[in-house]
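What follows is a short report on a single structure.
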Amino acid sequence: MNFLERVLSNYFLAWSQIFNYKDKTSRIPFWHFFILDGFIGAVVSILSNNNFANDPNDFYTIAEQYDWSYLYSIPSFLVFIALLIRRLRDIGKENLVLWAFCSFIPFYNLYIFAQPSSEK
């Protein structure tokens, strides 16, 4: 299996485990999802905010009334929360609610998620 197939496999695995809060997720699948999800989210956001599809003479333009990137970002955030809980469990953190809130601190979250798996 080449690199792109592994990244896509881990990405779709995370989506298939959207409500799984009990298992563990290792470093590699977490970062594969994190990076690919950020890239896809940026592309969806750029495409939903472009003005190329808007006709200036059209009174009812969809893009001015609703940001379509929310259709991707809200479910993606739910997948990320489940992945975050499983990753915290994998590195051996107790009190997952506190650590889940701490993981939203910029740059500190990179340190947390880069930790190796615990032997517990």
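Both backbone and side-chain heavy atoms feed into the values below; hydrogens, waters and symmetry mates do not. Heads up: numbering here begins at 1 and tracks the sequence.
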For the backbone of R6 and the side chain of S9, can you confirm whether one donor and one acceptor N or O come within less than 3.5 Å of each other?
no
Assess whether side chain to side chain contact (heavy atoms under 4.5 Å, CB included) is satisfied between R27 and Q115, documenting all intermediate values.
CA-CA 8 Å; R27 252 191 300 200; Q115 298 295 315; over 6 Å; no
For ring pair (Phe, Tyr, Trp, His ring centres under 6.0 Å), just list the numbers for W15 and F12, CA-CA rounded to whole Å, side-chain angles, deciding distance to a tenth of an Å, and then say yes or no.
CA-CA 5 Å; W15 274 96; F12 290 120; 8.6 Å; no
Which distance, rounded to the nearest 0.5 Å, do you find between the OG of S103 and the CD1 of I81?
7.0 Å
Verify whether the ring centers belonging to H32 and F3 lie closer than 6.0 Å.
yes
Here the pair of heavy atoms bringing Y108 nearest to C102 is CD2-O, 3.7 Å
Count I, L, V, M, F, W, Y as connected when their side-chain heavy atoms are under 4.5 Å apart, and connections chain through other members. Are I28 and Y111 then in the same cluster?
no
For side chain to side chain contact (heavy atoms under 4.5 Å, CB included), just list the numbers for N95 and K93, CA-CA rounded to whole Å, side-chain angles, deciding distance to a tenth of an Å, and then say yes or no.
CA-CA 7 Å; N95 195 358; K93 297 294 183 186; over 6 Å; no
Could you state the interatomic distance from CG (L83) to CG (D23), rounded to the nearest 0.5 Å?
11.5 Å
Approximate separation, where rounding is to 0.5 Å, of S117 OG and I91 CD1
8.5 Å
Determine, stepwise, if the pair F80 / D37 fulfils side chain to side chain contact (heavy atoms under 4.5 Å, CB included).
CA-CA 9 Å; F80 179 72; D37 185 60; 5.5 Å; no
Co-membership, hydrophobic cluster, residues F30 and L110, 4.5 Å side-chain:
yes
Supply the atom-to-atom distance N10 CG to S26 OG, rounded to the nearest 0.5 angstrom.
7.5 Å
V97 and I112: same hydrophobic cluster, using ILVMFWY side-chain contacts below 4.5 Å?
no
Under the rule for side-chain hydrogen bond (donor to acceptor under 3.5 Å, both in side chains), what residues qualify as partners of R86, not counting sequence neighbours?
Q17, T25
Under a 4.5 Å side-chain heavy-atom rule over Ile, Leu, Val, Met, Phe, Trp and Tyr, are I40 and L13 clustered together?
no
Heavy-atom count around F104 CZ within 6.0 Å, excluding the residue itself: above 12?
yes
Residues Y21 and I85: closest non-hydrogen pair is O-CG2, 3.9 Å
Starting from the C-alpha separation in whole Å, work towards a yes-or-no answer on side chain to side chain contact (heavy atoms under 4.5 Å, CB included) for L96 and L84.
CA-CA 9 Å; L96 293 177; L84 178 140; over 6 Å; no
Determine the minimum heavy-atom distance between Y70 and P75, stating which atoms define it.
O-CD, 4.0 Å
Say whether M1 and W31 are linked into one hydrophobic cluster, either directly or through other cluster members, by side-chain heavy-atom distances under 4.5 angstrom.
no
